[in-house]
Amino acid sequence: MIRKIGIIGCGTIGSELALAIDSGKVENASLIALFDILNINAIQLKSKLQNSNPSVFSDFLEFVSSTSFLQADIIVEAASQEAVRNFSKKLLDGGKNLLIMSVGALSDYEFLSELIRSASKNFGYIYLPTGAIAGIDAIRSVKDVLESVTLTTTKTPKALADAPFFKVNNINPNKISKKTLLYDGDAANAVNNFPANINVAAILSLAGLGIKKTSVKIIADPEIEVNQHEILAKGVFGEIMIKVRNVPSTRNPKTSFLAVLSAIECLRSACNNQMRIGT
Ligand SMILES: NC(=O)c1ccc[n+]([C@@H]2O[C@H](COP(=O)([O-])OP(=O)(O)OC[C@H]3O[C@@H](n4cnc5c(N)ncnc54)[C@H](O)[C@@H]3O)[C@@H](O)[C@H]2O)c1
């Protein structure tokens, strides 16, 4: 069965996904709609496609009242946390399956419960890709016997510089000249201090112990050339140690190439009705 796909957000991840569908890298998928608040981004993306002819939208109400929306099986959000907050419920209420990239928006568990209720009522499904880390399948497996889980993220001071943490603590990120532990606390507080890092902490928290019991360390290292995430999980099952060293995507240095690939693989899995590997 061919699954009809709509994409919200035609930036780094949305574009790579659209190109993957267009070139046949995602089997059983057909791209039928592109939506972006910046119309030009959707138009430019459409112009790069060779085999698909999606309708283009920049107004959400117009999108949800269109024939394309009616026909769509899966809507991919690759836009922003705000887009997740504003659109997800309406998409699920409309009976759509939803693949969410801006997972950070789901650290509000009341909002997440609302989405799950809506998906359940309308026979929809919410897909959350592993994104910029790995091993979420293992963390899910040991969830009931998990005693502790710590995420240690190491980035250059420049990559972290936008974080509110620096203003609040009156620290100049440009003056960090050696490897420095900036934050050591729970994921809930990390969200406020380093919101750009929240997607990784959020998916780990959802899979494991929740946002208050997941520990997060943020390290600034002027020498590191990649975005590094390490997970250490402990329990009666033993220990799980995961380390990824992510190269940034060429288009958006804040988005790891792995996150782009993870989005494509998640969609592939959602469109493959025969077999799921490692889930
Ligand atoms: N889960 C993960 O591990 C992971 C990893 C990387 C990025 N992300 C998240 O995925 C999202 C997309 O990342 P990206 O690198 O493609 O970003 P990007 O900035 O390259 O592209 C985002 C696109 O979405 C559009 N957009 C923004 N807000 C919108 C809205 N409310 N409605 C419609 N369109 C909107 C923008 O105009 C832009 O074209 C971001 O929220 C990012 O934080 C998640």
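Both ligands and their constituent atoms are indexed starting at 1 by order of listing. Note that the structure is predicted; figures quoted are calculated from it, not measured.
- Of all atoms in ligand 1, listed by their number and element, those nearer than 4.0 Å to a heavy atom of Gly131 are 2 (C), 3 (O).
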Derivation of the side chain to side chain donor-acceptor pair (under 3.5 Å) call for Ser55 and Ser68 = CA-CA 7 Å; Ser55 305; Ser68 304; 3.2 Å; yes

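- The shortest N or O to N or O distance between Glu82 and ligand 1 is not below 3.5 Å.
- Close N/O approach between Lys254 and ligand 1 is not found [any backbone or side-chain N/O within under 3.5 Å].
- When each atom of ligand 1 is checked for a heavy atom of Ala259 under 4.0 Å away, the hits are 5 (C), 6 (C).
- Of the inter-residue distances, the one linking Lys46 atom NZ with Cys10 atom SG reads 11.5 Å to the nearest 0.5 angstrom.
- Among all non-hydrogen protein atoms, the one lying nearest atom 33 (C) of ligand 1 is Ile37 N, 3.4 Å.
- Taking 4.0 Å as the cut-off between side-chain N and carboxylate O, Asp162 and Lys254 count as a salt-bridged pair.
- Atom numbering of ligand 1 starts at 1 in the shown order; those under 4.0 Å from a heavy atom of Phe35 are 32 (N), 33 (C).
- By the 3.5 Å distance cut-off applied to N or O atoms, Leu38 is not counted among the residues near ligand 1.
- The backbone N or O of Tyr109 sits less than 3.5 Å from a side-chain atom of Ser113, completing a donor-acceptor pair.
- In summary, Glu265 and Arg268 engage in a salt bridge, as defined by a charged side-chain N under 4.0 Å from a carboxylate O.
- Phe87 has its ring centre less than 6.0 Å from the ring centre of Phe60.
- Considering both main-chain and side-chain atoms, Asn41 comes within under 3.5 Å of ligand 1 through a nitrogen or oxygen pair.
- Summarising the local packing, OH of Tyr125 is surrounded by 12 or fewer heavy atoms from other residues, nucleotides or ligands at distances under 6.0 Å.
- The shortest N/O to N/O separation between Met101 and ligand 1 falls below 3.5 Å.
- Atoms NZ and CG, on Lys121 and Leu92 in that order, are 11.5 Å from each other to the nearest 0.5 Å.
- Residue nearest to atom 24 (O) of ligand 1, selected from Ser249, Ala105, Ala132, Ala79: Ala79 (by heavy-atom distance).
- For atom 31 (N) of ligand 1, the nearest non-hydrogen atom of the protein is Ala83 CB, 3.5 Å.
- Distance from atom 16 (O) of ligand 1 to its nearest protein heavy atom, with residue and atom name: Ile13 N, 2.9 Å.
- Remark: minimum distance from atom 28 (N) of ligand 1 to any protein heavy atom is reached at Ser80 OG, 3.2 Å.
- When only interatomic distances are considered, the shortest N/O to N/O separation between Gln81 and ligand 1 does not fall below 3.5 Å.
- Two residues are said to be in side-chain contact when any heavy atoms from C-beta on lie closer than 4.5 Å; Leu112 and Leu206 meet this criterion.
- Asn189 CG to Ser215 OG: the interatomic distance, rounded to the nearest 0.5 Å, is 12.0 Å.
- Scanning the protein heavy atoms around atom 37 (O) of ligand 1, the nearest turns out to be Asp36 OD1, 2.7 Å.
- When hydrogens are left out, the protein atom nearest atom 2 (C) of ligand 1 is Asn199 CB, 3.6 Å; that is the closest non-hydrogen contact.
- No more than 12 heavy atoms of other residues, nucleotides or ligands sit less than 6.0 Å from atom NZ of Lys217.
- Atom 19 (O) of ligand 1 has Asn252 ND2, 3.9 Å as its closest protein atom, hydrogens excluded (heavy atom only).
- For ligand 1, the atoms lying closer than 4.0 Å to a non-hydrogen atom of Val103 are 1 (N).
- Contacts of Thr12 with ligand 1, taken as heavy-atom pairs under 4.0 Å, involve both backbone and side chain.
- The closest side-chain heavy-atom distance from Phe237 to Leu146 is below 4.5 Å.
- Atom 41 (O) of ligand 1 has as its closest protein heavy atom Ser102 OG, 2.6 Å.
- Remark: Ile203 CD1 to Leu128 CG distance equals 4.5 Å, nearest 0.5 Å.
- Between Phe87 and ligand 1 there is a heavy-atom distance shorter than 4.0 Å.
- Polar contact with ligand 1: absent for Ser256 (N/O pair, distance under 3.5 Å).
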